2 protein chains.
Amino acid sequence: MTAETAIETIQREMTIFARRARASAGRMHPELSLVSYTLLGHLEEKGGCRATDLAAHYALDKSTVSRQVAALERAGLIERRLDPEDHRVQVLHLTEAGEEILAQVTRSRRAAFRERLTGWPEEDLIRFAAYLERYNASPSDADSD
Amino acid sequence: MTAETAIETIQREMTIFARRARASAGRMHPELSLVSYTLLGHLEEKGGCRATDLAAHYALDKSTVSRQVAALERAGLIERRLDPEDHRVQVLHLTEAGEEILAQVTRSRRAAFRERLTGWPEEDLIRFAAYLERYNASPSDADSD
DNA sequence: GCTTCAAGTTGTACTATACAACTAGAACGA
DNA sequence: TCGTTCTAGTTGTATAGTACAACTTGAAGC
């Protein structure tokens with residue numbers, strides 16, 4: 001196999017994965033869409049941030065984020081705290097319920113991955129993980145992470 | 001790194017990729033959504049098939065495929081041929097225009113991948129490609145390829 | 001203090017999707 | 001052979017996610 005055919009394979013397989021992820025996200029985790037999951041994950045990681053940060057980070061329109069945030073708040077998964085320094089700003093935080101759901105979905109997603117990866121030698125898992133990190137870390141046009 | 005943290009990394013990085021693919025597909029290739037691209041690719045690969053086959057293969061509802069197919073036909077990218085053996089069946093084929101657009105989008109997508117992968121040693125590309133194939137080839141609940 | 005900038009919301013429109021109801025054609029069985 | 005059941009596909013309806021544009025409110029800078 002040459003580098004060129006390897007690149008074709010990578011393109012094809014990543015495309016297959018993306019399509020599957022999209023198709024199965026709703027089915028597997030009806031309680032939390034892929035976007036909501038990602039937003040909650042970001043809030044957990046950062047320990048709270050503004051809607052504008054989420055929009056910039058994920059290359060989403062601020063109106064889209066606004067509605068997502070409204071839905072997550074309605075569901076009791078996040079709460080808004082007015083920034084005392086700047087009253088335009090609402091800092092978003094996970095609620096306890098949000099943390100629980102996030103942890104639960106993460107567990108369930110991880111279990112699905114673990115199942116797909118059973119039988120892989122540890123050495124291969126580690127190399128695969130490193131390749132993916134390297135791939136995602138490389139800069140892109142529409143940088144969104 | 002242990003196998004467990006490698007799995008976490010794989011989950012996280014694949015999720016990042018899926019989100020990015022979804023976000024950028026529309027922006028980068030406005031002429032062909034990711035789903036349309038996939039459907040056209042399948043038609044090319046198989047040399048024509050039925051709408052029902054597409055629905056089954058990609059775990060989409062037949063109504064969804066029906067509308068996608070209608071749009072692709074309207075755009076002149078595919079054509080329907082009534083199966084003389086079974087008049088319920090319409091076999092879908094790429095038109096010349098469809099082949100051209102498919103080739104063009106494939107080139108553009110491949111170029112994007114190639115750019116992200118510049119600087120990778122050939123050996124790593126080949127191993128990465130093999131890992132992805134192996135990952136996608138493993139059976140899953142909602143098997144869709 | 002105006003003007004301009006920034007954060008967020010709301011109105012509107014479009015796409016992708018699913019489910020349900022339907023039509024048309026095929027296949028099977030008594 | 002003729003009804004029953006199955007299959008392929010379309011259409012009606014509803015929902016989610018998304019973008020763009022217009023707006024509101026508050027902050028910052030001359």
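Quick caveat: nothing in here was measured; it's all calculated off a predicted structure.
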B:Tyr131 six-ring face occupied by A:Arg127 cation (under 6.0 Å, within 45°):
no
Integer-rounded Å distance: D:dT10 C1' and B:Arg74 CZ
13 Å
Given C:dA26, C:dT9, C:dT10, which nucleotide is nearest the side-chain atoms of A:Ser63?
C:dT10
A:His87 side-chain proximity, nearest of D:dA27, D:dT11, C:dG8
D:dA27
Nearest to side-chain heavy atoms of A:Val89, which nucleotide of D:dG9, D:dT10, C:dA7:
C:dA7
In whole angstrom, give the distance that lies between atom CG of A:Asp61 and atom C1' of C:dA6.
15 Å
Under 4.0 angstrom between B:Ser66 side-chain N/O and D:dA8 OP1 or OP2:
no
Between atom CG in B:Asp83 and atom P in C:dA27, what is the gap in whole Å?
10 Å
Calculate the interatomic distance between A:Leu82 atom CG and D:dA27 atom C1'; express it in whole Å.
14 Å
Check whether B:Leu72 and B:Val89 end up in the same hydrophobic cluster, where Ile, Leu, Val, Met, Phe, Trp and Tyr are linked by side-chain heavy atoms less than 4.5 Å apart.
no
If you only use heavy atoms from C-beta on, which nucleotide in D:dG9, D:dA8, C:dA6 is closest to the side chain of B:Lys62?
D:dG9
How close or far is atom C1' of D:dG26 from atom CD of A:Glu85, stated in whole angstroms?
14 Å
Could you list the donor-acceptor pairs under 3.5 angstrom formed by side chains in residues 41-49 of chain B, with sequence neighbours left out?
from    : atom 1 : to      : atom 2 : distance (Å)
B:His42 : ND1    : B:Tyr58 : OH     : 2.9

Whole angstrom value for the distance that separates P of C:dA18 from CG of B:Leu54
13 Å
A:Arg88 has a side chain; which of C:dA7, D:dT10, D:dC20 sits nearest to it?
C:dA7
Taking OP1 and OP2 of D:dG17, is either one under 4.0 Å from a side-chain nitrogen or oxygen of A:Thr64?
no
Could you check whether the side chain of A:Arg67 and the base of C:dT12 have a donor-acceptor pair of N or O atoms closer than 3.5 Å, going by distance alone?
yes
Just how far, in rounded Å, is P of D:dT7 from CZ of B:Arg50?
11 Å
Looking at the side chain of A:Leu60, which of D:dA19, C:dA26, C:dT17 is the nearest nucleotide?
D:dA19
In whole angstrom, give the distance that lies between atom CG of A:Asp86 and atom P of C:dC5.
17 Å
